[in-house]
Every structure is written in C-alpha cells, then in structure tokens.
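The residues of the chain are indexed from 1 along the displayed sequence. Source: prediction; values computed, not measured. Side-chain atoms are counted along with the backbone in the values below, which use heavy atoms only and exclude waters and symmetry mates.
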Amino acid sequence: MKTNNHKIVDYDLVLDAKFGKEGTPERAKAEEAAFSFYSGQILQDARKEAKVTQAELARRTNTTKSYISKVENGVVTPSVGVFYRFINALGLRVEVVKPLY
C-alpha cells in the first residue's frame with residue numbers, strides 16, 4: 001500500500017488488501033455489506049428529514065420499529081417491495097436513468 005504522509009495514493013490497493021481482489025467472493029461480500037450500510041444511511045437521512053420516527057415509518061409500511069432500525073444500520077437489506085413502501089411512505093420517488101456515456 002502506497003501512502004504519502006498518511007494520504008492514500010491508490011485506494012484499490014487498500015481495498016485489495018482488506019477485502020480481496022475485485023471479482024473475488026470476499027470482495028463481493030464486502031461490497032454488498034457496504035451497499036446495505038449506505039442504503040440504510042440514505043433511508044435514515046430521508047426519514048429524519050421528513051421528521052418521521054422509526055415507529056411511525058414502521059406503522060406506515062406495515063413493518064416493525066426493530067426492522068427499520070436493522071435496515072438503517074445495514075444489518076438487513078429490505079426487499080425491493082419493502083424498499084418502495086419506505087420510499088412512498090416518506091413521500092419520495094425512485095428515478096432510474098441511463099448514464100450519458
């Protein structure tokens with residue numbers, strides 16, 4: 001791993017060392033965990049911005065407060081259907097667009 005004054009020069013080397021080379025099962029598992037965590041953080045931010053409690057979101061989506069907490073903490077990944085219920089309950093929308101390149 002190359003660093004310069006504790007600044008990472010090549011982040012791929014860091015990821016390879018910690019999680020395995022790209023395309024390996026270990027790296028895929030780490031990426032999936034990162035996506036779950038990041039998605040949970042997005043949900044939590046959206047919920048807080050909407051001034052909705054976990055209990056209220058659970059009521060609106062027919063889930064439980066515990067389940068909302070697990071999603072927000074990246075412990076579980078909701079199904080697509082539940083994800084859309086969360087989005088709708090918070091007054092948001094999902095937009096799928098093609099990249100311009």
Side-chain angles (χ1 to χ4, degrees):
M1 170 176 19
K2 290 184 169 190
T3 62
N4 183 8
N5 294 331
H6 303 288
K7 294 181 182 175
I8 296 172
V9 175
D10 189 341
Y11 201 68
D12 284 329
L13 290 176
V14 174
L15 293 174
D16 290 351
K18 186 161 179 129
F19 302 112
K21 296 274 186 196
E22 196 168 334
T24 63
E26 296 82 10
R27 181 73 164 259
K29 184 177 177 183
E31 288 172 346
E32 187 66 31
F35 290 144
S36 291
F37 178 79
Y38 182 62
S39 298
Q41 292 300 294
I42 290 170
L43 176 65
Q44 183 180 55
D45 290 347
R47 178 184 60 75
K48 287 181 175 181
E49 187 174 312
K51 296 182 174 39
V52 174
T53 65
Q54 288 180 338
E56 177 59 20
L57 183 57
R59 187 193 64 72
R60 291 180 187 183
T61 58
N62 197 30
T63 60
T64 64
K65 182 180 179 232
S66 172
Y67 182 75
I68 302 293
S69 177
K70 288 176 184 175
V71 170
E72 289 183 353
N73 288 297
V75 176
V76 298
T77 304
S79 68
V80 173
V82 173
F83 176 77
Y84 275 97
R85 289 193 339 237
F86 290 155
I87 296 302
N88 289 331
L90 294 172
L92 302 172
R93 67 185 171 123
V94 173
E95 188 173 295
V96 179
V97 296
K98 279 185 151 183
L100 297 176
Y101 51 89

Practice task
Apply the test side-chain contact (heavy atoms from CB on, under 4.5 Å) to residues Tyr67 and Thr61: give CA-CA distance (whole Å), side-chain angles for both, the deciding distance (0.1 Å), then the verdict.
Solution key: CA-CA 11 Å; Tyr67 182 75; Thr61 58; over 6 Å; no

Problem - Intermediate values then yes/no, side-chain contact (heavy atoms from CB on, under 4.5 Å), Phe86 and Ile68 - result: CA-CA 9 Å; Phe86 290 155; Ile68 302 293; 3.2 Å; yes

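One hydrophobic cluster, built from ILVMFWY side chains closer than 4.5 Å, cannot hold both Phe35 and Ile42; they sit in different ones. A continuous path of Ile, Leu, Val, Met, Phe, Trp and Tyr side chains, each step under 4.5 Å between heavy atoms, connects Val80 with Leu57, placing both in one hydrophobic cluster. Phe37 and Val82 fall into different hydrophobic clusters, where Ile, Leu, Val, Met, Phe, Trp and Tyr side chains are chained together by heavy-atom contacts under 4.5 Å. Both Val96 and Leu92 belong to a single network of hydrophobic side chains, linked directly or stepwise wherever heavy atoms of I, L, V, M, F, W or Y lie under 4.5 Å apart. Under the 4.5 Å side-chain contact rule for hydrophobic residues, Phe83 and Val76 share a cluster.
Of all heavy-atom pairs between Phe19 and Ala30, the closest is CD2-CB, 3.3 Å. For the pair Lys65 and Ala58, the tightest heavy-atom approach, listed with the atom from each and the gap, is N-CB, 3.5 Å. Between Ala89 and Arg60, the shortest heavy-atom distance links the atoms O-NH1, 2.8 Å. Contact between Glu22 and Asp16 at its shortest, heavy atoms only, is N-OD1, 4.0 Å.
For the atom pair CD (Glu31) and NZ (Lys29), the distance works out to 13.5 Å, reported to the nearest 0.5 Å.
Checking Lys48, Arg47, Gln41 one by one against Glu72, the side-chain hydrogen bond (donor to acceptor under 3.5 Å, both in side chains) holds for a single residue, Arg47. When each of Val75, Thr63, Thr64 is paired with Lys70, the side-chain contact (heavy atoms from CB on, under 4.5 Å) condition holds for Val75 and for no other.
Taking a cutoff of 4.0 Å between a charged side-chain nitrogen and a carboxylate oxygen, Glu56 and Arg59 qualify as a salt bridge.
Remark: the backbone N or O of Glu32 is paired with a side-chain donor or acceptor of Ser36 at under 3.5 angstrom.
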